[in-house]
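One structure is given below, encoded as structure tokens.
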Amino acid sequence: MDKAYNHKNVEEKLYALWEEKGYFKPKIDPKKKPFTIVLPPPNASGKMHTGNVLMIAIEDLLIRWHRMKGDPTLWLPGTDHAGFETQVTFERELKKQGKSRFDFDRESLYTAIFQFVKDNKGAIEAQIRQMGASVDWSRYTFTLDETVVTTVYNTFKKMHDEGFVYRGEHMVNYCPKCGTTFADLEVNHIERKDPLYYMKYGPFTLATVRPETKFGDTAVAVHPNDKRYREYIGKEIEVEGLNGSFKLNVIADSYVDPKFGTGVVKVTPAHDKKDYEAGLRHNLEIKSVIDWNGKLNEKAGKYAGLPVKKAREVIAKDLEEKGLLEKVDENYTHTVAVCYKGGHDIEPMIIPNWFIKVETLKKPALDAVKNGSVKIYPKWREKTYYRWMEEMHDWPISRQIVWGIRIPVWYKIDKNALNLWVVWLDKNKQTQQGNLQTFLNEGISLEEVKAGLQRVMTLSFKGHAAPTYLVAVDDPTVPGDEEKQYVQDTDTFDTWFSSGHWPLVTLGYPNSEDFTYFYPTSVLETGWEILRLWVSRMIMFGLYLTGKPPFAYVYLHGIVRALDGRKMSKSLGNVINPEEYIEEFGVDALRMGLISGTANGKDFAFPRDKVIAYKHFGNKIWNMARFMLFISEQEKITIPQFSRDIEKKMTKDDKDILKAVKKLSASVNMNLEKFRFAQAGEEIYHFMWHELADKHIEQVKTREDKGVALSVLLHVYMTSLKLLHPFMPFITEEIYQKLPGHGDSIMIESWPTQ
RNA sequence: GGACGCUUAGCUCAGUUGGUUAGAGCGGCUCGUUUACACCGAGUAGGUCUGGGGUUCGAAUCCCUAAGCGUCCACCA
């Protein structure tokens, strides 16, 4: 053995050995209860970050522990297509080549992104291996695998048939830059200073940050008890505007805060959430003035075509010139909704989207945690779960992006095709857009439109009949049959809709052997930040489809922050790349260091000192093994197998250390059962270093009966080494192989029985 | 505005149903290179557990209260 442990000679070699010999595959025994974890799928085209490392460290710890105990143990690996994130990354690549997604028809774009993901997915898989994750690669799943798509389609169809799916014309969070809708959860609110314009509005003055939406105003509102304006309520007023004067009704609604501004609000139902709701209450017209690209449309008259922000400046200037601007408060601070990905301003808009009614689905998911059939650790996170489930509202599941599972909705080409708006590339790669029926009337074939199709939209405003559609897993089009021509919706599912099926699809739901044997799984381990986005949805789908929650325990780890305790972010330049730590200190030390940082599920700063400490610890136990080999060589003895015979000859020191290691073993088991990983790890660390090495080994040096002493020492050392293996798999296995007495056995399968 | 969490050694943090002298890692100081390991050993200093009040035989731990910090949710024309 080398004088110092060098992780670089060990890690890759051992992983290959374990994998090759099939140790990661479960030993199915119908009489035994299996232990199962599904790996939260990392982004297939991404790279490992510190959060992934912690996740793998904890899950591998649980998995190895159960496997060593002899449970049929399965850890299911997989990767996620990460719809939105991947498309954004890909588009960035396109931009470097001077292209954009608009240069492609939908299908070609999808194919190109798929290729991009294939080209890049090797990295994350290699890193999962590098981390020592003992996953069963033969059961690998990618979230766009045929089986996943089919399952997702079947669920959607079932939900649709049972009335849980509807085409909603709600106000959604739309990001014009990203070109897609976001769920409320994917929207961030940031504080920002924006000018607050006090503009003259008929007989009133009102305050607004968004003068550019005034063309979409369909009422003016005041508070019902506001004495200042009581005489106007219910009356029509005339307003002088930039595009001539117009008339509006004054409504009374208690959503108006009389203390804000002047107590008068312009109501723009098409572009503001609260106004939209007020519009519904008062049956107001919804007048949309912003298009999908974030520009003012023809209703804005001469301002049509201007992007929202530019329009705001121009309009403010024009208002001033016309004497319609009373004053501007430049120091007004408010919160603005921005998309979580790019930080762009969210434009609340009315865009038809597919929604899931959650009212009846959420109740069982809430109860499952309340009645303990799913237990959440740390327990205080349950409160967050309850609150979220209680206030959960309908879930928009369609995204206006290409990369993902395409919604299996087929619009019929019939008289309502007039209400299908299509954007497509013609033979000359020129973008065409308009009513599908109009194109067909011009003699363009449906096939031609479909071949260049980029997007299908259903028109959503009053006076338009909804298109006829059907939900089908396969294309219902029958060639040549006029009556059976369809075009598929171009939206894709929200990633969380498909990943909500993860425990089901990885196990081959609904009727594979694996599913029967392993479902429900044992523990779901992930970061707390996706409790609501992901965990709650898995519970919901699991209960909906199988009647059983998909896992018995949820363990939520904290988020790894940067060294300075702040969130890691590219702009702060404090992102920690785990590769560097693996290179310098080894995977074992990194894993153990991270685990010791997350004791109570709170967020924590990257514990650099602990990673170093555990690297030193690795070297310490390495040298303890060297010590035994050294002594046996010096004394020219082979270390006797620990046996009854040896036990009879033990000294008090021997008996004490034996007793101590038994106590340690009991404590480690107990702590692991209670998800107290850091505690378990620290106890092993303390025992091996400060009891076994510092005290007991010093005592062994003075012993006459070296045979007995070494036999006991080796036995105790091996026991603690096994306890340590789930935490630090590589070094423990390497030492195990180097010490005498193991025969053909391998560490991965031998938990100490006490 | 609502919820959750935190405040313990110089720094970063553990501390389980209340129970001896409150622990770890890093850092500091003093010794030490003897038969594994300097990625080491033997010692040592350092804490009125954020302040105040209460319950208790006993409180870092439970309750009330004040302050500070952090995170999440909702909302702001």
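All heavy atoms count here, side chains included; hydrogens, waters and symmetry mates do not. We name chains A, B, ... by the order of the sequence lines, and we start the count at 1 in each one.
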What I want to find out is whether A/Glu734 reaches A/Lys738 closely enough, with some N-O distance under 4.0 Å, to be called a salt bridge.
yes

Would you confirm whether the ring centroid of A/His334 sits within less than 6.0 angstrom of the ring centroid of A/Tyr332?
yes

Any donor-acceptor N/O pair under 3.5 Å between B/rC37 base and A/Lys620 side chain
yes

If I pick the P atom on B/rA67 and the same atom on B/rU20, what distance separates them, to the nearest angstrom?
34 Å

Please give the distance between the C1' atoms of B/rA59 and B/rU48 as a whole number of Å.
14 Å

Protein-nucleotide distance (A/Glu635, atom CD; B/rA36, atom P), rounded to Å:
13 Å

Integer angstrom distance from the C1' of B/rC39 to that of B/rU33:
16 Å

Please determine, for the side chain of A/Arg561, which listed nucleotide (B/rG5, B/rG70, B/rG2) has the closest atom?
B/rG70

Once each nucleotide of nucleotides 22-27 of chain B is scored for protein heavy atoms under 4.0 Å, what B/S/- sequence comes out, 5' to 3'?
---SS-

Looking at A/Arg626 and A/Glu633, does any basic side-chain N land under 4.0 Å from a carboxylate oxygen?
no

So does A/Val209 get a backbone contact from the side chain of A/Asp194, meaning a donor-acceptor N/O pair under 3.5 Å?
no

What is the distance, to the nearest angstrom, from the CE atom on A/Met392 to the P atom on B/rA74?
13 Å

Using a 4.0 Å heavy-atom cut-off across all strands, classify A/Asp257 as base, sugar-phosphate, or nothing.
base

At under 4.0 Å between heavy atoms, what does A/Val267 touch on the DNA or RNA strands: base, sugar-phosphate, or nothing?
nothing

Check every strand shown and say whether A/Asp694 touches a base, only sugar-phosphate, or nothing at a heavy-atom separation below 4.0 Å.
sugar-phosphate

Show your reasoning for whether ring-ring contact (aromatic ring centres under 6.0 Å, His included) applies to A/Phe727 and A/Tyr614.
CA-CA 11 Å; A/Phe727 296 84; A/Tyr614 283 113; 8.9 Å; no

Between atom CH2 in A/Trp388 and atom P in B/rC4, what is the gap in whole Å?
18 Å

Give me the distance, rounded to whole Å, that separates B/rA14 from B/rC49 when you measure between the C1' atoms they each carry.
13 Å

Residue-phosphate contact under 4.0 Å: A/Lys567 side-chain N/O, B/rU71 OP1/OP2:
no

Could you pick out which residue, A/Lys3 or A/Tyr332, lies toward the 5' side of RNA chain B when each is mapped onto its nearest nucleotide?
A/Lys3

Sorted by number, residues from residues 696-705 of chain A placing a heavy atom under 4.0 Å from RNA chain B are A/Ile697, A/Glu698, A/Lys701

B/rU17 versus B/rU12 - spacing of their P atoms, nearest Å:
27 Å

Taking the P atom of each, how far is B/rG15 from B/rU50, in whole Å?
14 Å

May I ask you to verify if any side-chain N or O of A/Asn623 is less than 4.0 angstrom from the OP1 or OP2 atom of B/rA38?
no

To the nearest angstrom, how far is A/Arg626 atom CZ from B/rC40 atom C1'?
12 Å

Rounded to whole angstrom, note down the C1' distance from B/rG18 over to B/rU56.
9 Å

NZ/NE/NH1/NH2 to OD/OE distance under 4.0 Å, A/Glu382 and A/Lys379
yes

A/Trp689 side chain near B/rG41 phosphate (N/O to OP1/OP2, under 4.0 Å)
yes

Between A/Trp380 and B/rG5, do the rings stack, that is, sit under 5.5 Å apart with planes less than 30° off each other?
no

Rounding to the closest angstrom, what is the interatomic distance between B/rG41 and B/rG53 at atom P?
45 Å

Does A/Tyr255 have A/Arg281 sitting over its ring (NZ/CZ under 6.0 Å from centre, angle to axis within 45°)?
yes

Does A/Lys615 reach a base, just sugar-phosphate, or nothing at all? Heavy atoms under 4.0 Å.
base

In whole angstroms, how far is the P atom of B/rC72 from the OH atom of A/Tyr386?
22 Å

When we call it a touch if two heavy atoms are under 4.0 Å apart, what does A/Lys674 touch: a base, just sugar-phosphate, or nothing?
nothing

Whole angstrom is fine here: how far is it from CG in A/Leu594 over to C1' in B/rU12?
14 Å

A/Asp564: partners by salt bridge (charged side-chain N to carboxylate O under 4.0 Å, His left out), with sequence neighbours left out
A/Arg566

A/Tyr303-A/Phe215 aromatic ring centre distance below 6.0 Å:
yes

Please, what dot-bracket string fits RNA chain B when only Watson-Crick and G-U pairs with both distances under 3.5 Å count, crossing ones use [ ] and pairs to another strand use |?
(((((((..((((.....[...)))).(((((.......))))).....(((((..]....))))))))))))....

Enumerate the ring pair (Phe, Tyr, Trp, His ring centres under 6.0 Å) contacts for residues 686-708 of chain A, please, sequence neighbours excluded, ordered by first and then second residue.
A/Tyr685-A/Trp689, A/His686-A/His690

Applying salt bridge (charged side-chain N to carboxylate O under 4.0 Å, His left out), can you list everything that pairs with A/Lys695, at least two apart in sequence or on another chain?
A/Glu691

Rounding to an integer number of Å, can you tell me how far A/Tyr614 OH sits from B/rA14 C1'?
11 Å

A/Arg532 side-chain N/O to B/rC73 phosphate OP1/OP2 under 4.0 Å:
yes

Quick check, are the ring centers of A/Tyr555 and A/Phe675 under 6.0 angstrom apart?
yes

Interatomic distance where CG belongs to A/Leu713 and C1' belongs to B/rU35 [whole Å]:
14 Å

Taking any heavy-atom pair under 4.0 Å as a contact, classify A/Thr384: base, sugar-phosphate, or nothing.
nothing

A/Phe630 near the nucleic acid: base, sugar-phosphate alone, or nothing, with a heavy-atom cut-off under 4.0 Å?
sugar-phosphate

Can you list the steps and then say if A/Lys567 with A/Asp603 is a salt bridge (charged side-chain N to carboxylate O under 4.0 Å, His left out)?
CA-CA 10 Å; A/Lys567 266 189 181 170; A/Asp603 295 354; over 6 Å; no

Sugar-phosphate only, base, or nothing, as touched by A/Glu391 at under 4.0 Å among non-hydrogen atoms
sugar-phosphate

Criterion side chain to side chain contact (heavy atoms under 4.5 Å, CB included) against A/Tyr198, the qualifying member of A/Leu325, A/Thr262, A/Leu206:
A/Thr262

